[in-house]
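Presented below is the structure to which this report refers.
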Protein chains: 2
Amino acid sequence: MVTIKDIAKIAGVSPSTVSRSLNDYPNISKKTKEKIKKIAEDLGFEFNEAARNLNRKKTNTIGVIIPQFFDDMRGEIFFANLLGKLIREAQMEGYHVRIEYEIEKKYIRKMIQSRSVDGLLLMNPFISKEDVEFILEKNFPYIFLHYIPENFMNTSKINYVRTNQKKGGYLATKYLIEKGHRKILTLSGLSINYEFKERTEGYRKALKEAGIGEEYILDIDVTFESAKKAIKKNYKLLKELDAIFAQTDLMALGAIEALEEMSLNIPEDVSVIGFDNIQIGTYFKPRLTTIEQPLDKLAKIGIKNIIKLMKDDVKVRKFIEPKLVIRQSA
Amino acid sequence: MVTIKDIAKIAGVSPSTVSRSLNDYPNISKKTKEKIKKIAEDLGFEFNEAARNLNRKKTNTIGVIIPQFFDDMRGEIFFANLLGKLIREAQMEGYHVRIEYEIEKKYIRKMIQSRSVDGLLLMNPFISKEDVEFILEKNFPYIFLHYIPENFMNTSKINYVRTNQKKGGYLATKYLIEKGHRKILTLSGLSINYEFKERTEGYRKALKEAGIGEEYILDIDVTFESAKKAIKKNYKLLKELDAIFAQTDLMALGAIEALEEMSLNIPEDVSVIGFDNIQIGTYFKPRLTTIEQPLDKLAKIGIKNIIKLMKDDVKVRKFIEPKLVIRQSA
DNA sequence: CTGAAAGCGCTTACAG
DNA sequence: CTGAAAGCGCTTACAG
C-alpha cells in the first residue's frame, strides 16, 4: 500500500509537505503541489481512512439505527428502499452511512464510545431509555428519524425529523367528508404504536370540524389479513357506512378485498382511503387513494440535518408534511 | 473519551497489560485481568475503532456496491429489503457493512486503496472493466452478488453468488407444460440484461424437452405498463395461447390486468406465471404463481462467503436455486 | 506474567 | 514555503 511517506521519498520532500499538498493547503508552492499530486495520481494513492480518522477524531460517517421489525412485512413494504435513499443522500453530502440493528443492549453506547460514527439517526421506536439518556448526557449528535420512543414524546428538548401523522389522518378524513361522506370508519392500530393514535386524532379533528358526531374506530392488527377479517366480521355495521379510512395501505387493500368479496363496489358503494402510499397501490384495481409519507424527504432532511447538527449543535425539530394522493378508491 | 492509558493509570499497570487483558490474551494473571475488566466496564470503555483498524490493518467491514437503478421501481420492489438482510447477516457474523453507490469512476479503487473495507460484495451489473481488473490485479477479496457484468460472464475465474436464472425459466415453463399448456408466450427483456436471456434459455429448454416446437417470445421493457400494453396489442396472437410466462412479477401483474380488461379469466382462460416472488403477488387477486429468487439466501450466502474469502482466498462460485411458488394464477 | 518501545499512517503546532 | 517532531489510541515483538 502506498503512503504519504512513499510519495515524500519519491518527491524528495517531507511527509508533512505531501500531506499539505494533497489536502490543498494554501501555503505550498504551486510547483511542489503539482508535482506531488502527479506522483500521488500515478501511484493511485488514497489516504488511509483509519489513520485519518484516528488523527482527526472523526469518521465522516453517520450511524443509522433501524428497528428489528424493519424486515417484517410492514417494514419491508412501507420502507421501500428508505435505506437506499439514506445512502444516496449521505454520499451526495460526502458522508458514509453505517446502518445497523441494535443487536445488543448497549450497542448504541458502543458505537459512540468507540467513535465509530460522528452522529446518529435513530429510527427505532423501541430504543431504550438508558440509551437515549446516555446520548443526551454525552451530548452526542442525534436525531430521531420517523419514530420517537413513546416516553420521550412529550419532552421538548428532543431532536427529530418525522411525518406529521395527525395531519395525515386529518387530510384523509377531510377528503372523505368533502366527497360527501358522513359515516366514516377508521381502521387503526392504536395499541401498536402512537403514530396510529396521532392519525386517529387527525380523524377526530376532521370529524369535529365538520360537525360529525359519530366515530367508528376499529383497533386491530395493522395487517392485510386482519383488516380483511375485521371488515367481514362487521358486516352489519358496514351497511351503514359510506367510507373507510384505513391507517395503512395494506389494511386498505385487505378491506377492499373483503368488500369486493361481499359484492360491494369501490368507490361507488364504499370509498376507501389508505395511508403510506406504498407502490403496490399503483397496481391494484381500483388504484388506491391514499396519504403519502414522503420517504425521500425523510431521508434527505434527516441526513442534511444530522450533518448540520454534527457541526453546530443546533436544535432539529422538523415535521414532514404528508400529502393526499387521489386515485380511484376514494 | 477513555483510553487504555486511562485504565492503565487507574489499575497501576502498563497499557500493554490493559490491551492484553481486554483482548483476553492467555498469559495474564486472572487477578489483574479481572481487575482491569472491571475498571473498563465501570468507565464504559470501548476500543477506539480507528486506532484498532490502523494498527491491525483491517476494518471488519464488508463493502457492498449497489447499482444506480437500485431505487428505481423495479429495484425498489424486487430487492425488498435486501439491504436489511445483508446488514443483519453481517452483524450476526460480527461484521459491519458499508453500502454505497458507485458515484464516481474510481470509487471502488478508492475504497480499496484507502483500506476502508476488507472485502467487496459487488451487486452492480454495470461495474466497469477497469474496476474489475483492478480488483483482480490487487487480489482483493470480492464476490459478484446477484449480477455478473456481461463481459465477465464467460470467465471461469470469477467469484460469484447468484440465482440460477436458467433453472428458474425452466421451472416456470415446465410447470405450465405439466398443467397441459402447449402454446406458451414468454414476456422477456432480452435487450436489458443477460438474466433475461438466461430465463429465456430455460424456457426454451423446457419446451424442447417436451417436444414443443412453437416459441412465442416478446422482447419488451420489463415494466407493468409495457407488459399490459404488449398483451393488449397482441390480442390476436393471444387467442391462440393458453399460458404466459412473464419474466418478472410486475410484468405478470400488467399482463393479468390486460387480460382481465379483455374479459379473460385467469387461470381458466389463460394461465400466468411470474418471476421474482415479490410480496405484492400475495395480495393480488388472483394470487400470483411465480418463481422465487430467495433473497435471504442470497444475503446469507453472500455474506458468509465473502467472510470466508477474506480469510482464506478460496474460490466462490455458488448458484442459488430458484423455487416454484404455486398460488392461483397458474 | 508484565513492561518499554516501536509502529500503524496520517495531521498540525511550532520553528525557521 | 517547508521540515522535524509529537501525537491520535491501539497492538505486539522483544526482553525480562
Side-chain angles (χ1 to χ4, degrees), chain A residues 1-40 43-61 96 109-118, chain B residues 1-40 43-61 96 109-118:
Chain A
M1 206 78 316
V2 17
T3 69
I4 57 169
K5 233 168 138 186
D6 299 326
I7 297 177
K9 204 169 290 168
I10 296 174
V13 296
S14 74
S16 330
T17 301
V18 175
S19 172
R20 290 186 186 111
S21 300
L22 263 20
N23 282 306
D24 253 336
Y25 276 47
N27 300 344
I28 297 279
S29 81
K30 245 199 166 104
K31 220 173 120 188
T32 47
K33 206 184 251 189
E34 271 163 16
K35 183 168 81 176
I36 288 170
K37 283 188 175 176
K38 174 83 171 56
I39 298 175
L43 298 180
F45 170 83
E46 297 291 341
F47 287 107
N48 179 306
E49 198 177 82
R52 256 197 167 167
N53 289 351
L54 175 58
N55 186 290
R56 295 183 168 178
K57 295 179 187 300
K58 53 183 202 129
T59 59
N60 255 281
T61 111
H96 304 113
R109 235 185 121 98
K110 204 165 169 177
M111 284 177 95
I112 295 177
Q113 296 292 66
S114 62
R115 297 199 161 285
S116 307
V117 297
D118 298 341
Chain B
M1 208 78 316
V2 17
T3 69
I4 56 170
K5 232 169 141 185
D6 299 326
I7 297 177
K9 205 169 289 170
I10 295 174
V13 297
S14 74
S16 330
T17 300
V18 175
S19 172
R20 289 187 187 110
S21 299
L22 264 19
N23 282 306
D24 254 335
Y25 275 46
N27 299 346
I28 298 279
S29 79
K30 245 201 166 99
K31 220 172 116 188
T32 47
K33 205 185 253 189
E34 271 163 15
K35 182 169 79 175
I36 288 169
K37 282 187 177 178
K38 175 85 171 52
I39 298 175
L43 298 179
F45 171 82
E46 296 291 341
F47 287 109
N48 179 304
E49 198 177 84
R52 253 195 170 170
N53 289 352
L54 175 58
N55 186 292
R56 294 183 169 178
K57 294 177 188 303
K58 55 184 199 127
T59 59
N60 254 281
T61 112
H96 304 115
R109 235 185 120 98
K110 202 164 170 176
M111 284 177 94
I112 295 177
Q113 297 290 67
S114 61
R115 297 199 161 284
S116 309
V117 298
D118 297 341

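Throughout, protein chains are lettered first and strands after them, A, B, ... in sequence-line order, and every chain is numbered starting at 1. These values consider heavy atoms only, across backbone and side chains, with no hydrogens, waters or symmetry-generated copies.
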Between [N] atom [atom2] and [X] atom [atom1], what is the distance in whole Å?
X: A:K33; N: D:dT2; atom1: NZ; atom2: C1'; answer: 13 Å
X: A:L54; N: D:dG7; atom1: CG; atom2: C1'; answer: 9 Å
X: A:I4; N: D:dC8; atom1: CD1; atom2: P; answer: 17 Å

**Item:** DNA chain C: 5'-proximal contact among B:S16 and A:N23 (nearest heavy atom)
**Value:**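 The answer here is B:S16.
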**Prompt:** Between A:T59 and A:S116, what is the shortest heavy-atom contact and its length?
**Reply:**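 Here A:T59 and A:S116 meet closest at OG1-O, 3.4 Å.
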**Spatial distance of atom CZ (B:R115) from atom CG (B:N53) [nearest 0.5 Å]** =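 Rounded to the nearest 0.5 Å, the CZ-CG separation comes out at 11.0 Å.
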Is there a side-chain contact between [X] and the phosphate of [N], meaning an N or O under 4.0 Å from OP1 or OP2?
X: A:Y25; N: C:dT11; answer: no
X: A:S14; N: D:dG3; answer: yes
X: B:S29; N: C:dT2; answer: yes

**Given D:dC10, D:dA4, C:dT11, the nucleotide with the shortest approach to the side chain of A:R52** =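 The answer is C:dT11, which lies nearest to the side chain.
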**Asked** What distance, rounded to whole Å, do you find between the two C1' atoms, one in D:dG16 and one in D:dT12?
**Response**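 The same atom, C1', in both gives a distance of 16 Å.
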**Message:** Taking D:dA6 as the reference, what is the distance to D:dT2 when you measure between their P atoms (whole Å, please)?
**Reply:**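 23 Å, rounded to whole Å.
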**Asked** Which is true for B:N27 with a 4.0 Å heavy-atom rule: it touches a base, it touches only sugar-phosphate, or it touches nothing?
**Response**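 Base: the residue B:N27, judged by heavy atoms under 4.0 Å, touches a nucleobase.
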**Request:** Using Watson-Crick or G-U wobble geometry with both distances below 3.5 Å, tell me the partner of D:dA4, or none.
**Result:**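 By the stated definition (distances under 3.5 Å), nothing pairs with D:dA4.
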